[in-house]
Amino acid sequence: MIHSRRHFIALTGTAAMGTMLAACGSKKTAEATASPTASATIAGAYDNLSGELKWTKYIPGHGAAPMSSTDPETGQVYTIEPTAGPASTDSKASAVPIPIEDESMYDKNARGLRATFAYFAAAVNYARMTGEPGPALQVVHEHNSVQRASLEKLRAFYAPGTNWLVDGEWTFRLTEKQPTIRGTKYSWACSVTQAHGLQVEKSTNATKPLENTEAAGITALYAEYDEEAKRWLVIAPQQYDPALTPKPTQTPRAQPSSTYTPTVTDDSTVAANGGANAGANTSGNGAAQGTTNNGAAQAPATQNSGGQNGGARLDTGSQNGAAQNSGAQNGGAQDPQPAVATAQPSVAPGAPEPGVAQPGAAGADTAPAGGAQ
């Protein structure tokens with residue numbers, strides 16, 4: 001009986017020990033199984049992901065028939081990657097393979113970001129060969145005005161049907177191991193090289209080499225993860241950092257030519273045409289000329305008086321310009337004005353004053369004032 005009890009205890013202990021070992025083994029197995037899933041959220045966080053961006057997922061282009069090949073030994077069927085009919089100076093490219101998205105692009109990690117950039121690079125080249133921006137726009141942020149403008153430019157260029165590009169493919173290469181993070185946005189340094197190519201405009205029979213300014217100006221790719229769409233979207237440099245917004249180019253103001261002469265309207269002009277001559281006329285013609293400066297010489301009341309006779313018609317007065325410059329020509333004589341009260345208070349302007357000699361010959365003998373000539 002005692003032997004049986006000891007045997008039962010031993011069996012029970014062995015079973016319990018086996019259960020504990022099995023539980024531990026199950027826990028380790030579960031941990032080992034869960035490890036790849038946990039690390040998947042940070043996949044590629046410390047890997048060197050620099051290098052050329054290549055995309056391998058395409059579908060046959062418009063007008064291209066799917067091609068396949070069968071291995072004669074194994075009988076396995078292989079799908080041949082579709083190829084485009086190359087462009088030439090006589091015709092644009094045909095049956096260009098269309099890049100399609102892959103599930104790897106949707107991972108919120110460095111590898112998912114790299115895959116998105118690789119797809120974007122392939123879609124940009126597709127747009128350059130066909131003028132169709134659709135595939136590229138699928139991963140371009142709606143507020144990325146830089147990329148949208150560039151793709152629209154290609155679409156408009158191809159729109160007439162007589163324009164296209166020959167070669168000129170872009171090669172994107174990431175130059176850093178990992179992207180740079182700024183809040184929720186990412187930047188990845190890169191370089192873009194452009195193959196030799198031509199721009200053909202058949203309507204005018206014009207062919208010229210492709211410019212390389214746009215490709216050479218790309219030094220980084222930018223993106224942000226869209227939490228609602230669960231995918232990466234390519235953003236513009238200024239969306240990543242407002243300081244990267246291009247500054248507008250200022251156009252210098254036109255300068256006046258060497259023959260430009262400004263119009264002077266200061267007091268010196270008035271003095272030259274009016275004040276100086278007025279003094280000379282007063283000394284040469286007396287009260288009659290002084291009245292002329294005030295606009296009264298041509299007034300209706302003086303038409304038959306001194307304004308028309310004697311000193312008013314003296315050569316001295318006409319040469320000195322008082323009656324012509326300050327009154328008749330400068331406009332003051334057009335509007336009749338009352339005579340100045342202090343000029344001749346009791347005698348009409350230009351009328352001979354009792355007891356005073358007429359200024360006719362006296363004005364002529366009196367030389368014109370200096371400076372009035």
Side-chain angles (χ1 to χ4, degrees), residues 33-59 97-128 132-155 169-193 214-215 217-246:
T33 303
S35 295
T37 303
S39 63
T41 59
I42 55 173
Y46 304 102
D47 296 341
N48 182 357
L49 300 179
S50 62
E52 183 179 348
L53 293 174
K54 295 182 178 180
W55 194 247
T56 58
K57 196 167 184 179
Y58 293 85
I59 59 174
I98 306 171
I100 58 174
E101 298 183 19
D102 183 74
E103 292 293 330
S104 61
M105 296 167 51
Y106 310 138
D107 294 335
K108 190 180 178 180
N109 52 48
R111 291 189 181 277
L113 177 58
R114 192 185 196 282
T116 300
F117 284 151
Y119 168 84
F120 174 71
V124 167
N125 278 316
Y126 176 77
R128 291 177 62 80
E132 298 179 12
L137 289 174
Q138 292 181 6
V139 293
V140 174
H141 194 280
E142 61 179 345
H143 298 307
N144 184 348
S145 59
V146 176
Q147 293 297 342
R148 288 184 174 272
S150 178
L151 292 169
E152 172 59 23
K153 185 178 179 180
L154 285 170
R155 187 205 63 77
E169 181 182 4
W170 283 7
T171 300
F172 292 73
R173 181 180 296 275
L174 299 178
T175 56
E176 295 291 341
K177 297 179 181 179
Q178 290 288 318
T180 300
I181 304 174
R182 182 185 177 90
T184 60
K185 301 169 183 178
Y186 292 74
S187 167
W188 210 324
C190 73
S191 64
V192 181
T193 57
E214 186 177 0
I218 301 175
T219 59
L221 294 172
Y222 306 89
E224 182 177 20
Y225 194 80
D226 189 332
E227 295 291 350
E228 294 184 2
K230 302 299 180 184
R231 65 181 305 157
W232 294 96
L233 293 175
V234 178
I235 61 176
Q238 54 266 36
Q239 289 179 275
Y240 173 78
D241 182 1
L244 298 177
T245 303

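Since the model is a prediction, treat every value here as computed from it, not as a measurement.
Here the straight-line distance linking atom CD1 of Ile59 with atom NZ of Lys57 works out to 10.5 Å at 0.5 Å rounding. In this structure, SG on Cys190 lies 12.0 Å from CD on Glu52, to the nearest 0.5 angstrom. Atom CG of residue Leu113 and atom CG of residue Leu174 lie 8.5 Å apart, to the nearest 0.5 angstrom. Rounding to the nearest 0.5 Å places CG of Leu137 at 10.0 Å from CG of Asn144. The NE2 atom of His143 sits 10.5 Å away from the CD atom of Glu224 when rounded to the nearest 0.5 Å. Ser145 contributes atom OG, which lies 7.0 Å from atom CD of Gln239 (distance to the nearest 0.5 angstrom).
In terms of heavy atoms, Ala118 sits closest to Lys54 at CB-O, 3.6 Å. Here the closest heavy-atom approach between residue Leu49 and residue Arg114 is recorded as O-NE, 2.6 Å. Between Arg148 and Val140, the shortest heavy-atom contact is NH2-O, 3.3 Å. Minimum heavy-atom separation, Pro97 to Pro99: O-CD, 3.7 Å. Scanning all heavy atoms of the two residues, the minimum distance from Ser187 to Ala220 falls at OG-CB, 3.9 Å. Scanning both residues, Asp226 and Ala229, for their nearest heavy atoms gives OD1-N, 3.2 Å.
Side chain of Lys185 to main chain of Tyr222: no donor-acceptor pair is present (N/O by atom type, distance under 3.5 Å, no hydrogens or angles). Between the side chain of Ser150 and the backbone N or O of Val146, no donor-acceptor pair lies under 3.5 Å. Judged by distance alone, the side chain of Arg182 and the main-chain N or O of Tyr240 form a donor-acceptor pair under 3.5 Å. Using modelled atom types, no side-chain atom of Asp107 and backbone atom of Asn109 make a donor-acceptor pair closer than 3.5 Å. Judged by distance alone, with hydrogens and angles left aside, the side-chain atoms of Ser50 form no donor-acceptor pair with the main-chain N or O of Thr175 at under 3.5 Å.
A side-chain contact (heavy atoms from CB on, under 4.5 Å) with Val139 holds for exactly one of Phe117, Phe120, Trp232; it is Phe120.
Side chains of Gln147 and His141 form no contact here, defined as non-hydrogen atoms less than 4.5 Å apart. Counting only heavy atoms from C-beta outward, the side chains of Tyr225 and Thr184 never approach each other to under 4.5 Å.
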May I have the step-by-step check of side-chain contact (heavy atoms from CB on, under 4.5 Å) for Arg173 and Thr193, ending in yes or no?
-> CA-CA 9 Å; Arg173 181 180 296 275; Thr193 57; over 6 Å; no
Could you check Met105 against Thr116 for side-chain contact (heavy atoms from CB on, under 4.5 Å), going step by step and ending with a plain yes or no?
-> CA-CA 5 Å; Met105 296 167 51; Thr116 300; 3.7 Å; yes
Should Leu221 and Leu53 be marked as a side-chain contact (heavy atoms from CB on, under 4.5 Å) after you check the CA-CA gap, both sets of side-chain angles, and the distance that decides it?
-> CA-CA 12 Å; Leu221 294 172; Leu53 293 174; 4.0 Å; yes
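By the salt bridge (charged side-chain N to carboxylate O under 4.0 Å, His left out) test, Glu101 is found to be paired with Arg231, residues two or more places apart in sequence or in another chain being considered. Residues that satisfy the side-chain contact (heavy atoms from CB on, under 4.5 Å) test with Ala127, not counting sequence neighbours, are Leu151, Leu154. Residues that satisfy the ring-ring contact (aromatic ring centres under 6.0 Å, His included) test with Tyr119, not counting sequence neighbours, are Trp55. Residues passing the ring-ring contact (aromatic ring centres under 6.0 Å, His included) test with Phe172, sequence neighbours excluded: none. Residues that satisfy the side chain to side chain donor-acceptor pair (under 3.5 Å) test with Trp188, not counting sequence neighbours, are absent from this structure. With sequence neighbours left out, the salt bridge (charged side-chain N to carboxylate O under 4.0 Å, His left out) criterion links Lys230 to Glu227.
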